[in-house]
Amino acid sequence: MLPTVSEVLTLDAFTPGAPVVVVGGAALEASVRWVHVSDSADVARLLEGGELLLSTGSGWPDDPRRLALFVTQLAEVGAAGIVLELGAHYRYVPAVLADAARSADIALIVLHREVKFVTITEAVHRRIIADQTAALEARDAVRTLFTGLALRGAPTEFIVEQVGLTLAAPVVLETVGHEVVVAHVGGAAETRTLRDWARRSRSAAAAPDRDGRTIVPVEARGIRWGWLVALPGPAHLAGRDAVLEQAATALALGRLADPGGEEWSRLGRRRVVDALIDGRFTGLSAVAARLDAAGMPLVGTVAFAAVALVSSGQGGDAVPVAAAADIAAAAIGARVVCGTSTTVDDGSALVRTPLILAVAGRATSAADNRADAFTVALEDALRAGSTSARARVVLGPGTVIPALEPAAEYERAVGVLVAGLRETIDLVGADEGLRGSSRRGADGRRVAERPLTRVVAALRDDHRLVAHAERMLDPLLAETRARGGDLLDVLTALLAHPSNRTAAAEAAHLSRSVFYQRIALLEDLLGVDFDDGEQVAALHVAVLTHRLHAGG
């Protein structure tokens, strides 16, 4: 970090000389590397660039053409500027001197009173050394910060966040294919920054200085994983390049330390889905910008929200859902993004993964068929690791995503998609896991086939609904806490098959005789008649509400 000519002119050492800028403008932004004092007309050959020349002009040529040439030579060697003290030789600034400085675009400052040049020299040099010391300290602090993050195994998103905070500027980590992995961007600028990111990033990679970006590769041992990009922002004492290079090293060390870790492209998409579920977006237009930047364009597709449930079974390994979903989507020519997989907290050890499927086209009937084919392919892939593995995909309704304009229609469609994703997750939280069958012939099930569950999920936080569930199920839950048993599972199976008790017994994994004994116990405990449709409906609402809050 070097001070500019305009900055050194603010030093107190210049004040006694009553400085006046004769030629300034952009020339005043030249960096001052050192101060050189000389009256010689041949001083240009002694300079190396970046010097601020202090002179009385006593040795300068008198011939106007030679004086103009003298100024041109100073500019050619890269002198930062000329400071001329009037009085000893010049009583005023020669017009040819000012014209030559203006033509050569070099700063010209005059001092109207005598001043000790040594005082100015010491002050400027102190400033230069102080700035360089501050820059070294800043670089050391940056190195310490990112080395510590690397040694602690800090997650990718935290490292990128620290870069953004350090630079006070938007920072994006992208794959080698220019898909956004993590973006640290201010709220209001998110949509503008990420929209059409891949195209603009490819263009900027060829000429980063054109729009003020700073770009460094993230690589090690001959492997390049991506690029770390800082968008325009304030200067940093350590240098923007130095900050990004230290952060890129930390990111590369993290990749080397975790060779089997999640691919960055999937990490970026997973973060987008998680943000949608948690409501961490500034607006609906930002949702599409994030998905598009992560390699999941929505425009011109029918988008489906879905949730995959999987259990590895005995003797088999659970298939990674994201990898299986990519294969299933490729089979039907679609794209898919998966959120973070979580374990359903109901004792079943089921892994739940939210996802968004985008099928190209605008015909919902054709897209529905392809989405059904996707769920079957995904379930087959998830069960491939073990013959006893269980898998099921709950599919929400398709949403046609129109063009970006008009914005109102586009944002309405994206809002429906986001709401559908949350509703589908709630459905799985309130539903009966992997138990039951489907009218579609596979273990998958559409949200539209569960209208009561959709209603309960939508009203999950209504205190009256929660009170109803507690009131109806309290005797059963008290019995379960006291004696254990499977009464809630039996009740769930009965409600799932109200007109077919044989199927209900099979769903509960009980013989018919034992199942009928459980029904009699339930009737006594709950004081209900299972032949009364209204009481059965009320119980169904209570069970769905309980499962939603206990396992969702």
Step-by-step salt bridge (charged side-chain N to carboxylate O under 4.0 Å, His left out) determination, D274 to R271: CA-CA 5 Å; D274 293 346; R271 284 175 52 81; over 6 Å; no
Closest non-hydrogen atom pair, A248 against L228: N-CD2, 4.0 Å
H184 and G164 have their tightest heavy-atom pair at CD2-CA, 3.5 Å
Could you give the distance from CD1 (I106) to CD1 (I82), rounded to the nearest 0.5 Å? 4.5 Å
Answer yes if the side chains of D241 and T214 hold a donor-acceptor pair under 3.5 Å, and no otherwise. no
Charged N-O contact under 4.0 Å between R266 and D326: yes
Rounding to 0.5 Å, atoms OG1 (T144) and CD (Q246) come to a distance of 9.0 Å
Mark yes or no: R213 above the aromatic ring of W197, with NZ or CZ under 6.0 Å from the six-membered ring centre and no more than 45 degrees from the axis. yes
Do you know which two heavy atoms are closest between R224 and V176, and how far apart they sit? O-CG1, 3.5 Å
Nearest heavy-atom pair of Q73 and A44: which atoms, and what distance? CB-CB, 3.9 Å
Answer yes or no for R255 and W264: cation-pi contact, defined as NZ/CZ to six-membered ring centre under 6.0 Å and angle to ring axis within 45°. yes
Can you see which heavy atom on F304 is nearest to which on L395, and at what distance? CB-CD1, 3.9 Å
E7/R127 salt bridge by N-O under 4.0 Å criterion: yes
Spatial distance of atom CD (E161) from atom OG1 (T166) [nearest 0.5 Å]: 10.0 Å
May I have all residue pairs that pass side-chain hydrogen bond (donor to acceptor under 3.5 Å, both in side chains) and include part of residues 17-28, sequence neighbours excluded? none
Can you see whether S201 engages E174 through a side-chain donor-acceptor pair at a distance of less than 3.5 angstrom? yes
Given side chains that start at C-beta, do those of V21 and V110 come closer than 4.5 Å, heavy atoms only? no
Within a strict 4.5 Å, meaning less than it, do heavy atoms of the I356 and L276 side chains meet? yes
Sequence-distant partners of F70, ring-ring contact (aromatic ring centres under 6.0 Å, His included), two or more places apart: W60
Sole candidate of V359, L378, L355 that passes side chain to side chain contact (heavy atoms under 4.5 Å, CB included) when paired with V336: L355
What is the minimum heavy-atom distance between R370 and A334, and which atoms define it? NH2-N, 4.3 Å
L251 side chain near T156 side chain, heavy-atom distance below 4.5 Å: yes
